[in-house]
*Asks:* 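Pasting a structure below so you can have a look.
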Amino acid sequence: MNSNLNCSVKSLVALLLLCGGLGSALAQSPAGSAEKGKTAFVQNGCWQCHGFVGQGGSAGAKLAPDPKPIEYIQAFVRNSVGPMPKYTEKILSNQDLIDIHAYLKSIPKGPDYKSIPLLN
Ligand code: HEC
């Protein structure tokens with residue numbers, strides 16, 4: 001009796017964990033792979049306008065360091081009506097975008113200009 005109860009509690013916990021996992025997978029939790037993101041950033045031509053490290057330039061906005069939240073990036077990339085081409089899910093999967101976000105987050109900040117003698 002007692003072990004039965006224990007068993008059902010265990011399966012309930014397992015079920016909850018499983019549902020939690022599925023739920024966050026569906027909500028596209030922002031955990032991504034920076035390495036895959038770098039590849040996707042290059043393969044999808046983001047670098048052509050935004051620079052290899054997302055530094056931005058005359059053709060595209062600065063994306064990194066300190067990228068905007070994944071929700072913002074998703075909304076922008078899927079719906080752009082401005083000079084940037086819009087990327088639908090057929091062209092660029094949600095997972096690719098999450099990985100690109102991870103890549104952008106992994107780009108380190110440059111040194112503070114105050115620490116560079118030539119600039120002071
Ligand atoms: C043809 C050039 C071009 C390409 C290719 C391109 N972008 Fe852009 N992107 C732009 C420009 C220009 C803007 C600014 C557009 C605007 O403000 O409407 C922009 C803006 C953005 C923004 C919003 C920045 C902000 O701070 O508001 C994000 C995020 C972004 N791009 C991500 C990407 C990603 C990810 C890719 C690759 C999948 C990509 N872009 C490919 C030109 C490009």
Side-chain angles (χ1 to χ4, degrees):
M1 182 67 192
N2 210 358
S3 74
N4 257 349
L5 185 69
N6 198 8
C7 179
S8 53
V9 167
K10 267 189 201 154
S11 37
L12 185 66
V13 169
L15 193 69
L16 285 176
L17 284 177
L18 185 70
C19 291
L22 280 178
S24 58
L26 289 176
Q28 257 109 35
S29 84
S33 149
E35 203 183 315
K36 286 188 193 155
K38 185 177 187 180
T39 307
F41 194 78
V42 171
Q43 275 175 353
N44 290 284
C46 313
W47 64 275
Q48 293 178 22
C49 299
H50 293 285
F52 271 111
V53 289
Q55 76 271 25
S58 54
K62 176 175 97 57
L63 302 178
D66 266 342
K68 297 205 165 131
I70 182 67
E71 293 78 14
Y72 177 94
I73 292 187
Q74 265 167 344
F76 189 94
V77 169
R78 298 278 182 240
N79 303 299
S80 173
V81 288
M84 176 171 145
K86 154 170 122 175
Y87 290 72
T88 62
E89 245 188 284
K90 271 193 198 150
I91 303 170
L92 184 69
S93 72
N94 279 332
Q95 188 57 52
D96 279 347
L97 257 187
I98 289 166
D99 292 341
I100 287 176
H101 185 244
Y103 168 58
L104 294 173
K105 271 204 303 200
S106 76
I107 292 166
K109 277 199 177 85
D112 187 337
Y113 76 90
K114 288 184 195 124
S115 70
I116 301 171
L118 261 182
L119 301 179
N120 286 283

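Read the numbers this way: they start at 1 and go in the same order the structure lists the ligands and their atoms. Throughout, numbering of the chain's residues begins at 1 and tracks the sequence.
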*Asks:* Nearest protein heavy atom to atom 27 (O) of ligand 1, by residue and atom, and its distance?
*Replies:* Y72 OH, 2.5 Å
*Asks:* CG/L97 to CZ/R78 distance, rounded to the nearest 0.5 angstrom?
*Replies:* 5.0 Å
*Asks:* Near atom 8 (Fe) of ligand 1, is there an N/O/S atom from S80 that is less than 2.8 Å away?
*Replies:* no
*Asks:* Taking non-hydrogen atoms only, is P85 closer than 4.0 angstrom to ligand 1 via side chain, backbone, both or neither?
*Replies:* side chain
*Asks:* N/O of K68 under 3.5 Å from N/O of ligand 1, yes or no?
*Replies:* yes
*Asks:* If we only consider heavy atoms of H50, is any one of them less than 4.0 Å away from an atom in ligand 1?
*Replies:* yes
*Asks:* Looking only at protein heavy atoms, which one is nearest to atom 24 (C) of ligand 1, and what is the separation?
*Replies:* L63 CD2, 3.9 Å
*Asks:* Please name the pair of heavy atoms, one in S115 and one in N120, separated by the smallest distance, quoted to 0.1 Å.
*Replies:* N-ND2, 4.4 Å
*Asks:* Any link between Y87 and L63 through a network of hydrophobic side chains (Ile, Leu, Val, Met, Phe, Trp, Tyr) touching at under 4.5 Å?
*Replies:* yes
*Asks:* Do me a favour and list the nearest non-hydrogen protein atom to atom 38 (C) of ligand 1 with residue, atom name and distance?
*Replies:* C46 SG, 2.6 Å
*Asks:* Report yes or no: do I98 and I107 belong to one cluster of Ile/Leu/Val/Met/Phe/Trp/Tyr joined by side chain heavy-atom distances under 4.5 Å?
*Replies:* no
*Asks:* Give the contacting part of F41 toward ligand 1: side chain, backbone, both or neither, where contact means a heavy-atom distance below 4.0 Å.
*Replies:* neither
*Asks:* Would you say K62 and ligand 1 have an N/O pair spaced under 3.5 Å apart?
*Replies:* no
*Asks:* Give the residue and atom name of whichever protein heavy atom lies nearest to atom 2 (C) of ligand 1, and the separation in Å to one decimal.
*Replies:* C49 SG, 1.8 Å
*Asks:* Treat each ILVMFWY residue as a node, draw an edge where side-chain heavy atoms are under 4.5 Å apart, and state whether L92 and I70 are in one component.
*Replies:* no
*Asks:* Measure the distance from atom 33 (C) of ligand 1 to every protein heavy atom, then report the residue, atom name and distance (to 0.1 Å) of the closest one.
*Replies:* M84 CE, 3.3 Å
*Asks:* Could you list the atoms of ligand 1 found under 4.0 angstrom from a heavy atom of G45?
*Replies:* 5 (C)
*Asks:* Are any of the N/O atoms on Y87, whether in the backbone or the side chain, positioned under 3.5 angstrom from an N/O atom of ligand 1?
*Replies:* no
*Asks:* Are any side-chain N or O atoms of D112 and backbone N or O atoms of K114, one a donor and one an acceptor, separated by less than 3.5 Å?
*Replies:* yes
*Asks:* Would you say H50's side chain and G45's backbone share a donor-acceptor pair under 3.5 angstrom?
*Replies:* no
*Asks:* Can you tell me which residue and heavy atom of the protein come closest to atom 14 (C) of ligand 1, and the distance to 0.1 Å?
*Replies:* A61 CB, 4.3 Å
*Asks:* Considering only the protein, which heavy-atom contact is closest to atom 20 (C) of ligand 1, and what is its distance?
*Replies:* F76 CE2, 3.3 Å
*Asks:* With a 6.0 Å cut-off on the ring centroids, do W47 and F41 count as close?
*Replies:* no
*Asks:* Mark yes or no for whether Q55, through its side chain, and V53, through its backbone, hold a donor-acceptor pair below 3.5 Å.
*Replies:* yes
*Asks:* Decide whether V42 and M84 are clustered together by the hydrophobic rule: side chain heavy atoms of Ile, Leu, Val, Met, Phe, Trp, Tyr closer than 4.5 Å, transitively.
*Replies:* yes
*Asks:* Is there a donor-acceptor pair closer than 3.5 Å between any side-chain N or O of D99 and the backbone N or O of G32?
*Replies:* no
*Asks:* To check your reading of the model: name the closest protein heavy atom to atom 12 (C) of ligand 1, its residue, and the distance in Å.
*Replies:* A59 O, 3.2 Å
*Asks:* List ligand 1 atoms under 4.0 Å from L92, heavy atoms only on the residue side.
*Replies:* 38 (C)
